[in-house]
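Read the structure below first, then the notes.
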Amino acid sequence: MLIISGSLYNSESDFVDYQNPLTVTSCGHYSLIKRPRFVTNRPAGRKDYQLLYFLNGKGSFIIDGNTLTVPEGHIVIYYPGEPQYYEYSLSDSPDVYWIHFTGNDIPGILDRLSLSSSRLHRVKVKDTYRNLFDKIIRELQLKQNHFDKLANIYFYELLTLMSRAAMEDSQQQNIYKYEQIERAIQVFHTEYKMPFSIEDYARQCNMSVSWFARVFRRQTGLSPQNYLTNVRINKAKELLASSSYNIGEIAEIVGYQNPLYFSRIFKKYTGFSPSDYKRKHS
């Protein structure tokens, strides 16, 4: 393993700074060269905060009880007292920067930079990050005049740039998700006769069913199933009022193979049976 690191007190100290807003205590860069596997297991966590940035490769992390693969261009932030378990494999070519920090305003800093909502953020791979990490390491190694202040300034700049990238990525993801919702709405209005699987559609969009349903409801005010049912019922109302199709034919046209089930759904949504609605409006 190749390790390059620097620290405030010539060791990877684990302490809490109650006097200053932000204090970098140690920073380093490591990658696996020959060692097949490297594991970190801290069941009780640490007293300080830790940020890990994947410049290349990937690692396996347990966060909130879930095993996650963290690829390049991502950061993981650990809070004090949080269990830490992560491992790297030589075959995954991990190239990782890490930094430990403390201070009396860390929760506020992370909150203002929108980095407190999650422990995992996609910040992309940028040379700027690597340069700032290297500057911090060099300051902690050489310990020239005001090295600690410069290390803190570089780290705050690093956090700010990562926050910008994470927010831009989140906005792009939201645009993509809403585009998929609009596409689903278009499908509902043009292919309402066809069976629609929310599970399959969410999978195609790389979303969980619950997330797809949540975003859909946020945009339309309805669940996907209720929205599709409304489209089908409204189309059925048009056909009942203006066509000579019988109830069974209309049920099939709007996507229901069982006329009895169609009648039950239609009455639930309109208060009328299909035949009553047809008599009243035709």
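Put simply, the side chain of V76 does not reach to within 4.5 Å of the side chain of L51, judged on heavy atoms. Between I253 and Y245 the shortest side-chain heavy-atom distance falls below 4.5 Å. Side-chain contact between L22 and F101 is present, with heavy atoms from C-beta onward closer than 4.5 Å. Annotation: side chain of L140 is not in contact with side chain of S7 (no heavy-atom distance under 4.5 Å).
No side-chain donor-acceptor contact under 3.5 Å links E157 to the backbone of L132. A distance-only check finds no donor-acceptor pair linking the side chain of N20 to the backbone of T23 [under 3.5 Å]. Side-chain atoms of N234 come within 3.5 Å of backbone N or O of N230 as a donor-acceptor pair.
Below 30°, between 30° and 60°, or above 60°: for Y261 and Y256 the angle between ring planes is between 30° and 60°, a tilted geometry. Ring-plane geometry between Y9 and F15 is classed as tilted, the angle between the planes lying from 30 to 60 degrees on a 0 to 90 degree scale. Aromatic ring pairs are classed by plane angle as parallel below 30°, tilted from 30° to 60° and perpendicular above 60°; the pair F38 and Y88 is parallel.
Aromatic ring centres of H74 and F54 lie farther apart than the 6.0 Å criterion allows. Proximity of the aromatic rings of Y227 and F216 is defined here by a centroid distance below 6.0 angstrom, and this criterion is met. Ring-centre distance between Y78 and Y49: not below the 6.0 Å cut-off.
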Requested in this report: Show the numbers, then the answer: is there a side chain to side chain contact (heavy atoms under 4.5 Å, CB included) between M162 and H121?
Outcome: CA-CA 9 Å; M162 286 180 166; H121 301 273; over 6 Å; no
Query - Verdict with supporting geometry, F266 and F272, ring pair (Phe, Tyr, Trp, His ring centres under 6.0 Å) - result: CA-CA 7 Å; F266 188 92; F272 297 95; 8.3 Å; no
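Defined by atom type and a distance below 3.5 Å, a donor-acceptor pair is present between the side-chain atoms of S273 and D276. Judged by distance alone, the side chains of N226 and Y269 do bring a donor and an acceptor atom under 3.5 Å apart. One side chain, H29 or D95, offers a donor N or O that lies under 3.5 Å from an acceptor on the other. A donor and an acceptor atom, one from each side chain of T102 and D17, are nowhere located under 3.5 Å apart.
Partner of F61 under the side chain to side chain contact (heavy atoms under 4.5 Å, CB included) criterion, chosen from T69, N66, T40, L52: L52.
Note on F196 and V231: same hydrophobic cluster, where clusters join Ile, Leu, Val, Met, Phe, Trp and Tyr whose side-chain heavy atoms are under 4.5 Å apart, directly or indirectly. Residues I153 and Y129 do not share a hydrophobic cluster, defined by chaining ILVMFWY side chains whose heavy atoms lie under 4.5 Å apart.
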Identify all side-chain donor-acceptor contacts of residues 79-86 below 3.5 Å with residues at least two apart in sequence or on another chain.
from, atom 1, to, atom 2, distance (Å)
E82, OE1, Y79, N, 3.0
E82, OE1, R119, NE, 3.2
E82, OE2, R119, NE, 2.9
E82, OE2, R119, NH2, 2.7
Q84, OE1, R42, NH1, 2.5
Q84, OE1, Q50, NE2, 2.9
Y85, OH, E87, OE1, 2.8
Y86, OH, Q50, OE1, 3.4

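Electrostatic pairing of R112 and D105 counts as a salt bridge here, judged by a charged N lying under 4.0 Å from a carboxylate O.
R214 meets the salt bridge (charged side-chain N to carboxylate O under 4.0 Å, His left out) test with no other residue; sequence neighbours excluded.
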